[in-house]
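Keep in mind that the numbers below use all heavy atoms, side chains included, and drop hydrogens, waters and symmetry copies.
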Amino acid sequence: MTSAPDAASPAETSRVAVLQRIPEVGIRRLRDAGLHVDASEREAPLDASERAAVLADATAAVTLLTDRVDDAFLDEAPHLRIVANVAVGFDNVDVAACAARGVVVTNTPGVLTDATADLTLALLLAVTRRVGEGERLIRSGAPWSWGMFMMLGRGLRDRRLGIVGMGAIGTAVAERARAFGMRVAYHNRSAVDAEVADRLGAERLDLDELFATSDVVSLHCPHTPETHHLVDARRLASMRDDAYLVNTARGPVVDEAALVAALDGGQIAGAALDVYENEPEVHPGLVDRDDVVLLPHLGSATIETRDAMSDLAARNVVAVLAGERPITPVAPPAT
C-alpha cells in the first residue's frame, strides 16, 4: 500500500485528473491556479485503462458520484493528495481507505441546498396533485373533458410533512413546506437549533412515529450502512394508506422491491423518486405506475448549482495542493 508523500515536487502537485466532464468554471479555476489539468469531456466514467493512465501522475482527482473511489482506484494513483467529489454525498468514496493513504476527501455541500429543496417540493406537488398523470393524458391525445371528480389529488395545507434528516436540505424543504401551510415534523440524530425549530414549528419525533403519522415522508439523510433500506417493508406498512414517500437523498435508503409491494397492496398512496437503489436502473414495478413520479437524479440540476459545485470542488483542489486546509473536507469514519 503506497502512502501519499508528505511533500510533493511542483511537477507532481500540478497534475489534476478530472475524470468526467464538469462545468467549465471549475476547469478555469484550476488552470488559473497554474495547475496542469487532464479533463475528460465524457459524461460517463472512464474505462479501466483510461482511468489508470490519467491517475498515474495525478496528485488530485475530481470525481463524480458515478466514479467509485476504492483501493483499486487508489492503487492507480500513487501520488494522490486529494479526491474532490463533485457532490454533497460521498458514498462512492471509501473515505477510510483514502485517509489510510493520507488522501484528503472533499465534497460540495451547501451550494446545492436550494436546488434540491426546490425539486423536492416539485416532486411533492407532482405526486399529490397527479401532475405527471395529467400531463401523460394530454400528450397521449386521448379524449378528455373537465369533470368535478377528474384526477382529484390532495391538498397540502395542514398536512404533516415528516422529514428524515434535518440538515441544510431538510431545513430548506421545511421552510418551503411551511409556505404551503404544512406542519413539519422531523427525525434527526440530534435536535435542530431551537430558533430554527420554533420558526418552523418543527416537532422532533422518533423514526417510527414519524412514518406512522406523516402525510408525506421526505428523505434527506445520507446513505450509510445504518440508513441502507431505512425504508423497508415494515416502515412502509406503518405508513398511512393516504401518505406519500418522497426521496431526493440516495436511492439505497429505500428498498425498492418493498416499495413496489406496498404500492401494489395500497399501503401508501404514492411515491416520488429522484434517486434509485441501483441507479441508473429503476425497479420495473415502478415504471408504469400513475401513483409514482420518477425523475433522473435532477436534484442539483440547475446551471447555477452545477457551476457552483464545479467551482467549489476546484477551490478545494487548489487549497490542498497549495498546502492549505480544504474548504469542505469529509471526515473519515470514527474507528
Side-chain angles (χ1 to χ4, degrees), residues 87-89 107-129 131 153-224 226-227 230-231 235-236 238-240 242-250 253-254 268-275 293 295 298-302 304-305 308-309 312 328:
V88 65
N107 63 343
T108 59
V111 295
L112 46 68
T113 297
D114 285 335
T116 306
D118 288 347
L119 192 82
T120 301
L121 263 292
L123 283 170
L124 194 161
L125 287 165
V127 71
T128 57
R129 292 299 304 274
V131 172
R154 297 183 186 275
L156 300 182
R157 182 163 295 279
D158 295 326
R159 304 290 185 183
R160 170 176 276 178
L161 173 65
I163 295 176
V164 180
M166 193 73 157
I169 295 172
T171 299
V173 169
E175 290 169 344
R176 287 155 173 76
R178 289 289 290 168
F180 285 86
M182 298 190 80
R183 297 177 291 113
V184 175
Y186 74 95
H187 174 81
N188 217 41
R189 285 178 295 182
S190 57
V192 301
D193 182 82
E195 184 278 325
V196 173
D198 288 345
R199 174 166 53 85
L200 298 175
E203 180 183 5
R204 187 183 181 197
L205 300 177
D206 70 52
L207 201 55
D208 288 339
E209 184 177 2
L210 182 140
F211 272 84
T213 63
S214 295
D215 296 280
V216 179
V217 174
S218 188
L219 304 177
H220 302 285
C221 53
H223 177 228
T224 67
E226 292 73 30
T227 63
L230 179 83
V231 183
R235 287 235 162 81
L236 289 162
S238 76
M239 293 176 68
R240 293 163 33 179
D242 60 353
Y244 300 86
L245 177 71
V246 179
N247 188 12
T248 56
R250 282 290 184 263
V253 174
V254 176
I268 64 172
L273 309 175
D274 186 44
V275 290
V293 177
L295 291 180
L298 298 180
S300 64
T302 68
E304 300 84 356
T305 299
M309 293 168 67
L312 179 54
T328 52

Query raised in the report: Between the main-chain N or O of V275 and the side-chain N or O of R250, is there a donor-acceptor pair closer than 3.5 Å?
Result: no

**Report entry** Residue pairs, two or more places apart or on separate chains, that pass salt bridge (Lys or Arg N to Asp or Glu O under 4.0 Å) and touch residues 166-186
**Finding:** D114-R176, D118-R176, E175-R199

Query raised in the report: Can you check whether T305's main-chain N or O pairs, donor with acceptor, with T302's side chain at less than 3.5 Å?
Result: yes

Requested in this report: Just do the side-chain contact (heavy atoms from CB on, under 4.5 Å) check on N247 and V231 with the steps written out, would you?
Outcome: CA-CA 10 Å; N247 188 12; V231 183; over 6 Å; no

Query - Main-chain N/O of L205 paired to H187 side chain as donor or acceptor, under 3.5 Å - result: yes

Query raised in the report: Does the pair V253 and C221 meet the rule for a side-chain contact (heavy atoms from CB on, under 4.5 Å), with working shown?
Result: CA-CA 8 Å; V253 174; C221 53; 3.9 Å; yes

Query raised in the report: Could you walk me through whether D208 and R235 pass the side-chain contact (heavy atoms from CB on, under 4.5 Å) check?
Result: CA-CA 7 Å; D208 288 339; R235 287 235 162 81; 3.3 Å; yes

Query - Minimum-distance pair of heavy atoms, taken over all atoms of V192 and A197 - result: CG2-CB, 3.8 Å

Query raised in the report: For atom CZ of R129, is the number of surrounding heavy atoms from other residues, nucleotides or ligands below 6.0 Å larger than 12?
Result: no

**Report entry** Derivation of the side-chain hydrogen bond (donor to acceptor under 3.5 Å, both in side chains) call for T248 and T116
**Finding:** CA-CA 7 Å; T248 56; T116 306; over 6 Å; no

Query - T328 side chain vs T108 backbone, donor-acceptor pair below 3.5 Å - result: no

Requested in this report: Verify, without hydrogens or angle tests, whether T171 (side chain) and A168 (backbone) share a donor-acceptor contact under 3.5 angstrom.
Outcome: no

Query raised in the report: Under a 4.5 Å cut-off applied to non-hydrogen side-chain atoms, are Y244 and L124 in contact?
Result: no

Query raised in the report: With sequence neighbours excluded, what pairs up with A212 under the side-chain contact (heavy atoms from CB on, under 4.5 Å) test?
Result: none

Query raised in the report: What are the two closest non-hydrogen atoms of N107 and P109, and how far apart are they?
Result: OD1-CD, 3.1 Å

Report task. Might you point out which heavy atoms bring S218 and L161 nearest each other, and give the distance in Å? Result -> CB-CD1, 4.0 Å

Report task. Check whether any side-chain N or O of R159 sits under 3.5 Å from a backbone N or O of V216 as a donor-acceptor pair, and report yes or no. Result -> no

Query raised in the report: What's the verdict on side-chain contact (heavy atoms from CB on, under 4.5 Å) for V184 and I163, showing C-alpha distance, side-chain angles and the deciding distance?
Result: CA-CA 7 Å; V184 175; I163 295 176; 4.2 Å; yes

Query raised in the report: Hey, is the main chain of R160 close enough, under 3.5 Å, to the side chain of D215 for a donor-acceptor pair?
Result: yes

Query raised in the report: With no hydrogens and no angle check, is any side-chain donor or acceptor of D274 less than 3.5 Å from a backbone partner on L298?
Result: yes

